[in-house]
Amino acid sequence: MIRYLLARLLTFLPTFLGVTLISFAFIRVLPGDPIIVMAGERGLTEERYAELVRQFGFDQPLPVQFWNYLTGVLQGDLGTSYVTKRPVWDEFFSLFPATLELSICAMIFAVGIGLPAGVIAAVNRGKLFDRALMSTALVGYSMPIFWWALLMIIVFSGNLGWTPVSGRIDLLYFFDSVTGFMLIDSALSGQNGAFTSAVRHLILPTIVLGTIPLAVIARQTRSAMLEVLSEDYIRTARAKGLSPLRINGMHALRNAMIPVITVIGLSVGTLLAGAILTETIFSWPGIGKWMVDSIYRRDYPVVQGGLLLIASMVMIVNLTVDILYGLINPKIRARK
Amino acid sequence: MTAEPDAQGTAPARQGQLAEFWYYFRENRGAVIGLYVFVVFVIVALFAPLLAPYDPTEQFRDHILKPPAWVQGGDWAFPLGTDPLGRDMLSRLIHGARFSFFVGIVVVVVAASGGILVGLIAGFAPKWLDSIIMRLMDVILAFPSLLLALVLVAILGPSLTNAMIAIALVLQPHYVRLTRASVLSERTRDYVVSARVAGAKLPRLMFVTVLPNCLAPIIVQAALSFSTAILDAAALGFLGMGAQPPTPEWGTMLAEAREFILRAWWVVTFPGVAILVTVLAINLMGDGLRDGLDPKLKRS
């Protein structure tokens with residue numbers, strides 16, 4: 001097991017280095033001089049230009065620049081935003097809870113519906129429910145979520161007036177952020193209606209962001225269940241006269257969960273990519289919108305830092321999934 | 001099933017394979033429907049100028065935001081209504097099919113040919129080179145694809161061509177992984193060993209002996225990335241980083257229509273339906289291809 005862990009960690013390091021190299025290279029392959037871009041349209045005197053070049057270390061050889069960047073990154077220094085002049089690290093962590101809150105809700109939505117739906121479809125294989133569910137799942141999987149979001153806004157915000165169009169909470173409410181999670185903060189604030197407002201703002205983005213993972217989880221659960229249900233030990237359990245609930249719920253689902261957990265873990269990348277579109281449409285102040293805005297504003301240090309942080313996050317989650325997978329599944333553990 | 005050990009396959013054997021493939025493909029009703037829709041989509045894309053009633057950029061200033069014909073206030077001259085600039089929605093959608101089709105084809109060809117080549121090299125290369133290639137692919141896969149595509153477009157400048165390059169680059173590692181995995185499992189088979197013993201050189205081993213037997217999963221992947229490419233290109237267009245107005249690309253059309261969503265539902269609904277139907281048809285077809293090509297998953 002330790003050897004498996006070590007082997008997995010060993011592949012993590014070069015990947016991390018590569019990701020750092022890409023985000024380092026990003027700012028240097030941009031067309032135009034980053035320093036002139038940074039200065040905007042005001043123009044620069046020659047002395048000021050030279051000073052900035054020195055300040056950003058652009059006068060040093062590339063390997064030295066990369067080394068400085070890498071050591072900076074490892075100490076949590078990701079540079080400073082051109083626009084807000086705040087450290088990228090601080091910006092990221094002040095916006096991250098919004099994305100995390102939305103992603104957690106989307107994941108609960110996706111697993112909460114997708115898992116039972118997949119199980120029921122597998123148990124009723126070939127029947128109407130199964131076919132209807134799988135068709136729906138394929139539609140969900142093919143959905144352009146930015147359009148899905150607009151449709152939801154038309155129906156639920158425009159026609160029915162049930163949900164707000166954008167933001168995390170009504171402007172009426174104001175309170176200090178304690179955890180960064182609006183649901184918790186609004187409940188803690190004790191203001192009347194604040195929590196309800198936060199929930200109403202969350203509903204549409206959650207559904208939109210959760211749609212594709214929901215479809216993937218439902219499909220994956222179904223096929224994993226089907227595979228397990230054809231195993232001998234399920235037949236034995238049936239022969240023993242166990243109740244269907246016990247067979248499907250205890251024996252089958254537990255074993256079908258292994259691939260499903262992997263899919264759930266690997267959905268993190270999907271969620272972050274989806275967050276870019278979802279947050280932009282619903283003006284949700286999270287890291288997805290932050291990245292898009294920074295690209296529009298040409299705030300390159302933010303794009304660079306954001307890229308690195310997001311990729312690292314995806315990598316850490318994948319690594320964790322792999323390790324958990326090794327823990328759950330003895331076959332993998334034994335192989336290494 | 002293409003995974004016959006004899007890659008050279010005589011003509012009747014080929015026909016048999018095709019018949020078998022078609023047999024399994026036809027069993028999947030969804031796949032057949034998907035295929036029909038896809039054929040219609042291809043025809044529309046190819047003959048857009050003949051099919052569209054108007055030029056997609058022609059503005060009818062007297063007919064701004066006309067609703068679809070069957071709605072009150074609609075006009076059969078503009079069956080699906082007009083957009084905020086008075087352009088015919090139907091003509092724009094028909095021409096939009098061209099862009100989506102083009103994006104799909106280019107991205108799949110670029111990503112697949114690059115990915116297959118790199119995957120073959122990785123599969124046949126000594127261990128150190130293989131490791132380097134695969135770690136490189138891990139690096140690309142660590143970034144959420146849309147984010148990486150966005151950043152690449154930010155570097156290259158927003159345009160449909162750059163969006164296609166970015167998407168192809170992002171999708172390519174999947175082909176590398178698939179090809180390499182198939183190569184590794186085929187490489188030790190007897191037919192490969194015997195070809196090697198018979199004196200086949202490396203390029204021949206790679207492209208003639210092994211590659212044809214690795215194609216099944218790659219074809220399925222190609223169908224999947226065709227739809228991903230359409231979705232991602234539309235998403236980039238929607239974010240203003242893909243095709244630029246007035247190009248009638250479906251995602252770009254949605255972006256232009258955004259501010260009218262509460263006033264004119266049709267300008268938002270139809271481009272999205274077009275994307276959804278196309279992507280869904282291709283995904284359905286992909287499922288059928290998998291049933292027909294991948295013997296392991298057959299009848300599961």
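Sequence lines set the chain letters: A, B, ... in the order given, protein chains first and strands last, and positions in each chain run from 1. Note: hydrogens, waters and symmetry copies are ignored here, and every other heavy atom, side chains too, is used.
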Query raised in the report: What are the two closest non-hydrogen atoms of B:Gly272 and A:Pro144, and how far apart are they?
Result: O-CG, 4.3 Å
Report task. For atom CH2 of B:Trp266, decide whether the heavy atoms of other residues, nucleotides or ligands shown that lie under 6.0 angstrom number more than 12. Result -> yes
Query raised in the report: With only heavy atoms counted, which part of A:Leu17 is less than 4.5 Å from chain B, the side chain, the backbone, both or neither?
Result: neither
Query raised in the report: Do B:Leu150 and A:Met291 come within less than 4.5 Å of each other through their side chains, counting heavy atoms only?
Result: no
Query raised in the report: Considering only heavy atoms from C-beta outward, does the side chain of A:Leu21 approach that of B:Val139 to under 4.5 Å?
Result: no
Query raised in the report: Taking all non-hydrogen atoms of both residues, which atom of B:Leu262 and which atom of A:Gly158 are closest, and how far apart?
Result: CD2-CA, 3.6 Å
Requested in this report: Measure the spacing between CG of A:Leu277 and CG of B:Leu146 and express it to the nearest 0.5 Å.
Outcome: 5.0 Å
Report task. Hey, could you give me the CG/CG distance between B:Leu141 and A:Asn318, rounded to the nearest 0.5 Å? Result -> 9.0 Å
Query - Main-chain N/O of B:Pro271 paired to A:Trp147 side chain as donor or acceptor, under 3.5 Å - result: no
Report task. Give the minimum heavy-atom separation between A:Ser142 and B:Leu276, together with the two atoms involved. Result -> O-CD1, 3.6 Å
**Report entry** Selection from A:Ser312, A:Ala311, A:Gly18 maximising heavy-atom pairs under 4.5 Å formed with chain B
**Finding:** A:Ala311
Query raised in the report: B:Met241 and A:Ile295: which non-hydrogen atoms are nearest, and at how many Å?
Result: CE-CG2, 3.2 Å
**Report entry** Most contacts with chain A, counted as non-hydrogen pairs under 4.5 angstrom, among B:Thr269, B:Leu148, B:Ile282
**Finding:** B:Thr269
**Report entry** More than 12 heavy atoms from other groups under 6.0 Å of CH2 on B:Trp70
**Finding:** yes
Query raised in the report: What part of B:Asp287 is in contact with chain A, defined as an atom under 4.5 angstrom from a non-hydrogen atom: side chain, backbone, both or neither?
Result: side chain
Query raised in the report: Is it the side chain or the backbone of B:Met134 that comes within 4.5 Å of chain A heavy atoms, both, or neither?
Result: neither
Query - Engaged part of B:Val153 at the chain A interface, taking heavy atoms whose separation is under 4.5 Å - result: neither
Query raised in the report: With sequence neighbours excluded, what pairs up with A:Phe16 under the ring pair (Phe, Tyr, Trp, His ring centres under 6.0 Å) test?
Result: none
Query raised in the report: Any chance OH of A:Tyr141 has more than 12 other-residue heavy atoms, nucleotides or ligands included, within less than 6.0 Å?
Result: no
Query raised in the report: Could you state the interatomic distance from OG1 (A:Thr15) to CG (B:Asp138), rounded to the nearest 0.5 Å?
Result: 4.5 Å
Report summary line: When the 4.5 angstrom heavy-atom criterion is applied to B:Leu147 and chain A, the contacting part is both
**Report entry** Contacting moiety of A:Val303, where chain B heavy atoms sit under 4.5 Å
**Finding:** side chain
Report task. Among A:Asn159, A:Leu151, A:Ile281, single out the residue with the greatest number of heavy-atom pairs under 4.5 Å to chain B. Result -> A:Ile281
**Report entry** More than 12 heavy atoms of other groups within 6.0 Å of B:Phe102 CZ
**Finding:** no
Report task. Step through the shown structure and confirm whether more than 12 heavy atoms of other residues, nucleotides or ligands are within 6.0 Å of CZ on B:Arg29. Result -> no
**Report entry** A:Tyr296 to B:Gly240 - nearest heavy-atom pair and separation
**Finding:** OH-N, 4.3 Å
Query raised in the report: Testing A:Leu272, A:Leu307, A:Val314 for side chain to side chain contact (heavy atoms under 4.5 Å, CB included) with B:Phe143, which one passes?
Result: A:Leu307
Query raised in the report: Checking A:Leu138 against chain B: side chain, backbone, both or neither under 4.5 Å from a heavy atom?
Result: both
Query raised in the report: chain A heavy atoms under 4.5 Å from B:Leu284: which part of the residue, side chain, backbone, both or neither?
Result: both
Report summary line: Note: vs chain A, highest number of non-hydrogen pairs under 4.5 angstrom among B:Asp232, B:Ile230, B:Val273, B:Val277 is B:Val273
Requested in this report: Mind running side-chain contact (heavy atoms from CB on, under 4.5 Å) on A:Thr11 and B:Arg135 for me, showing each step along the way?
Outcome: CA-CA 7 Å; A:Thr11 61; B:Arg135 291 295 82 75; 3.9 Å; yes
Report summary line: Under 4.5 Å to a heavy atom of chain B? For A:Val292 that would be side chain
**Report entry** Which atoms of A:Met315 approach chain B - backbone, side chain, both or neither, heavy atom under 4.5 Å
**Finding:** side chain
**Report entry** 4.5 Å side-chain heavy-atom contact, B:Ile155 and A:Tyr300
**Finding:** no
